[in-house]
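FYI, the numbering just counts along the sequence from 1.
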Amino acid sequence: MISPFSFSENLEEGMRSSIICSVIAGDPPISLTWYRNGRLLKETSPDIQIVPITDFVSSLIINHVSRHHSGNYTCFASNNAAATNYTATMVVKAPPVWVIKPSDQSALEGISVTFDCQAEGQPRPVVRWKFGKGKKK
């Protein structure tokens, strides 16, 4: 059995974050592993540290949180008799950035034109278009 854990609800890019996975019931030896979005996290990840504290406690530390750290983090515990896991979601607030920046287009009257743009951030940015009449000077 794993004690529930959670991330801060106010995480922003540049902050630090850590969580502790503690197995509160189960016979040793216990193996603890961490996953992010279903993929195994390794101790060698340059931006994430996994620190074993005891045979039944492990800490996950991120020294410089960024938008790409958002996701579901799972602590998986197993022994010879059983396995269990607990998952917490990390949401990192991040300002909007252009993925595809809109650009000026020329068009002939009566012919359709497409303006591409895409932005990402947390919370998800809202893109609004405005149409101006007249000539730019």
Checklist entry - Do Val57 and Ile20 pass the side-chain contact (heavy atoms from CB on, under 4.5 Å) test, and can you show the C-alpha distance, the side-chain angles, and the key distance before you say yes or no? => result CA-CA 7 Å; Val57 179; Ile20 292 179; 3.5 Å; yes
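- With contacts defined as side-chain heavy-atom distances shorter than 4.5 Å, the pair Asn63/Gln49 qualifies.
- Inter-residue side-chain proximity for Lys93 and Asn10 is flagged as met; some heavy-atom pair is nearer than 4.5 Å.
- For Asn79, the side-chain hydrogen bond (donor to acceptor under 3.5 Å, both in side chains) criterion is met by no residue, not counting sequence neighbours.
- The structure places OG of Ser59 at 11.5 Å from CG of Leu32, a figure rounded to the nearest 0.5 Å.
- Other residues, nucleotides and ligands contribute more than 12 heavy atoms inside 6.0 Å of the CD atom of Gln105.
- Here side chain to side chain donor-acceptor pair (under 3.5 Å) pairs that include residues 113-127, with residues two or more places apart or in two chains, number zero.
- Contact detail for Val65 and Met90: the closest heavy-atom pair is CG1-SD, 4.5 Å.
- Residues Ser6 and Ala88 approach most closely at CA-CB, 4.1 Å, considering heavy atoms.
- In this structure, His69 NE2 and Ile48 CD1 are separated by 4.5 Å, a value rounded to the nearest 0.5 Å.
- Contact check for Leu11 versus Val91: no side-chain heavy atoms found under the 4.5 Å cut-off.
- Remark: Cys75 SG to Phe5 CZ distance equals 5.5 Å, nearest 0.5 Å.
- Using a distance-only test at 3.5 Å, with no hydrogens or angles considered, no donor-acceptor pair links the side chain of Ser22 to the main chain of Ile24.
- More than 12 heavy atoms of other residues, nucleotides or ligands shown are found within 6.0 angstrom of CG on Asn72.
- Counting heavy atoms from C-beta outward, Val51 and Ile61 have side chains that approach closer than 4.5 Å.
- In this structure, Phe115 and Trp129 have tilted ring planes: the angle between them lies in the 30° to 60° band.
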Next on the checklist: Pair Tyr73, Phe7 - check ring pair (Phe, Tyr, Trp, His ring centres under 6.0 Å), show working.
Outcome noted: CA-CA 10 Å; Tyr73 288 80; Phe7 291 97; 5.3 Å; yes
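- When the side-chain hydrogen bond (donor to acceptor under 3.5 Å, both in side chains) test is applied to Arg67, the partners found at least two apart in sequence or on another chain are Glu13.
- Between Phe56 and Ile30, the shortest heavy-atom distance links the atoms CB-CD1, 4.4 Å.
- If you run side-chain contact (heavy atoms from CB on, under 4.5 Å) between Leu40 and each of Trp34, Phe76, Tyr35, only Tyr35 comes through.
- Annotation: the span from Ile111 atom CD1 to Ser106 atom OG amounts to 13.5 Å, rounded to 0.5 Å.
- Within the model, atoms CD1 of Ile62 and CZ of Arg36 stand 8.0 Å from one another, a figure rounded to the nearest 0.5 Å.
- Taking every heavy atom of both residues into account, Asn37 and Ser70 meet most closely at ND2-O, 4.1 Å.
- For the residue pair Ser58 and Ile50, the shortest heavy atom distance occurs at OG-CG2, 3.7 Å.
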